[in-house]
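First listed ligand is number 1; within each ligand, the first listed atom is number 1.
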Amino acid sequence: MSAPGVDPDGVVGEVVVSELELRRRIDELGTAITDDYAGRPPLLVGVLKGAFTFMSDLSRAIHLPVEIDFMAVSSYGSATRTSGVVRIVKDLDADLAGRHVLVVEDIVDSGLTLSYLQRYLWARGPASLEVCALLVKDGRQRTELDLRYVGFRIPPAFVVGYGLDVGERLRNLPAVHTYLGQQVPTVGGGR
Ligand code: IMP
Ligand code: MG
């Protein structure tokens, strides 16, 4: 890949989902959400940091008076990550009681982060709670998840770009790519 400005170390591999594919699919998701939520505009809850790009594009593809909020979670490190125990680093500003909440996630790998978040958010008394995940890694989920909207199912390799990072970098690549470097486990905040 030639993006020397963003990728001086040459660790960015082939395109997994292109800019055009992202744009088209996100438009379709926006249309589906616009139809499904007519008359009950959702509160979009993005999971930082990875979902920031997707949230920006998806929210503009939804033609309803949506509200937008973010939360940030972090794993307790690689050892405990498998348990799905996450720490809330930034909680929501909005009160969820009676709201139609749509969680906007960048990528579902094991699914443990999302499954924890769903339990956490249900406890706040929303009228409904659904998930819109841009990417789902095939065959990796270790828990049953009800994903209402899915952008793309992709092979279970590590990917970067369009919000997804490795060591906080490469989030600003406009498309989703494979990663050719050594994978550094995310410890602490950031997601
Ligand atoms: P899960 O709990 O295993 O489903 O992990 C979900 C979180 O891990 C996502 O929200 C991402 O922040 C991060 N993650 C999982 N797979 C990737 C990847 O391929 N690239 C970058 N981040 C990832
Ligand atoms: Mg991350």
Side-chain angles (χ1 to χ4, degrees), residues 1 3 6-7 9 11-18 21-22 26 44-58 69-92 101-122 129-191:
M1 223 260 327
V6 181
D7 177 30
D9 304 327
V11 292
V12 174
E14 68 190 34
V15 171
V16 178
V17 187
S18 73
E21 290 169 316
L22 286 166
I26 291 168
L44 305 179
V45 171
V47 185
L48 293 172
K49 301 175 192 172
F52 83 102
T53 319
F54 182 39
M55 174 67 99
S56 172
D57 286 341
L58 180 70
D69 204 349
F70 287 99
M71 58 192 302
V73 301
S74 98
S75 65
Y76 278 104
S78 45
T80 47
R81 181 160 177 181
T82 49
S83 67
V85 177
V86 301
R87 190 162 52 95
I88 308 292
V89 176
K90 182 219 171 289
D91 209 336
L92 294 168
V101 175
L102 181 57
V103 176
V104 177
E105 246 296 36
D106 52 356
I107 188 165
V108 179
D109 184 10
S110 69
L112 294 170
T113 304
L114 198 53
S115 131
Y116 173 88
L117 274 181
Q118 280 177 311
R119 270 176 281 135
Y120 180 83
L121 295 173
W122 265 128
L129 179 64
E130 302 285 357
V131 175
C132 180
L134 179 65
L135 305 168
V136 176
K137 284 192 193 174
D138 265 338
R140 293 273 300 167
Q141 286 75 63
R142 288 195 271 133
T143 172
E144 189 119 342
L145 279 178
D146 182 15
L147 303 174
R148 178 77 186 269
Y149 307 97
V150 172
F152 300 90
R153 295 193 181 270
I154 61 169
F158 198 79
V159 290
V160 292
Y162 198 74
L164 294 163
D165 74 309
V166 61
E168 292 302 327
R169 293 225 176 134
L170 303 176
R171 294 193 197 273
N172 58 329
L173 284 172
V176 179
H177 293 256
T178 57
Y179 176 66
L180 305 175
Q182 193 93 16
Q183 190 182 321
V184 282
T186 309
V187 177
R191 278 288 147 173

Heavy-atom distance under 4.5 Å between the side chains of Tyr162 and Val176, does that happen here? yes
Validation row: Val6, Leu170 side chains within 4.5 angstrom (heavy atoms):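 In contact.
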Return the [atom1] to [atom2] distance between [X] and [Y], rounded to the nearest 0.5 Å.
{"X": "Asp106", "Y": "Arg171", "atom1": "CG", "atom2": "CZ", "result": "8.0 Å"}
{"X": "Phe70", "Y": "Leu44", "atom1": "CZ", "atom2": "CG", "result": "9.0 Å"}
{"X": "Leu22", "Y": "Leu58", "atom1": "CG", "atom2": "CG", "result": "12.0 Å"}

Which pair of non-hydrogen atoms, one from [X] and one from [Y], has the smallest distance, and what is that distance?
{"X": "Thr143", "Y": "Ser110", "answer": "CG2-O, 3.9 Å"}
{"X": "Val150", "Y": "Leu147", "answer": "CG2-CB, 3.8 Å"}
{"X": "Asp109", "Y": "Gln141", "answer": "O-NE2, 2.7 Å"}

With a 4.0 Å heavy-atom cut-off (strictly under), which part of Asp106 contacts ligand 1: side chain, backbone, both or neither?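 Under 4.0 Å from ligand 1, Asp106 contributes side-chain atoms alone.
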Give the contacting part of Lys137 toward ligand 1: side chain, backbone, both or neither, where contact means a heavy-atom distance below 4.0 Å.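 The answer is the side chain of Lys137.
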[X]: numbered ligand 1 atoms lying under 4.0 Å from its heavy atoms:
{"X": "Ser110", "answer": "1 (P), 2 (O), 3 (O), 4 (O)"}
{"X": "Phe158", "answer": "17 (C), 18 (C), 19 (O), 20 (N), 21 (C)"}
{"X": "Thr113", "answer": "1 (P), 2 (O), 5 (O), 6 (C)"}

Which of these, Val16, Ile107, Asp109, has its nearest heavy atom closest to atom 14 (N) of ligand 1?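 Result: the heavy atom closest to atom 14 (N) of ligand 1 is in Ile107.
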Using distance alone, decide if ligand 1 has a nitrogen or oxygen within less than 3.5 Å of any nitrogen or oxygen in Val159.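 Yes: some nitrogen or oxygen of Val159 is under 3.5 Å from one in ligand 1.
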Heteroatom proximity flag, Leu164 to ligand 1, N/O under 3.5 Å: no
So is [X] close enough to ligand 1, meaning a heavy atom under 4.0 angstrom away?
{"X": "Asp165", "value": "yes"}
{"X": "Glu105", "value": "yes"}
{"X": "Gly111", "value": "yes"}

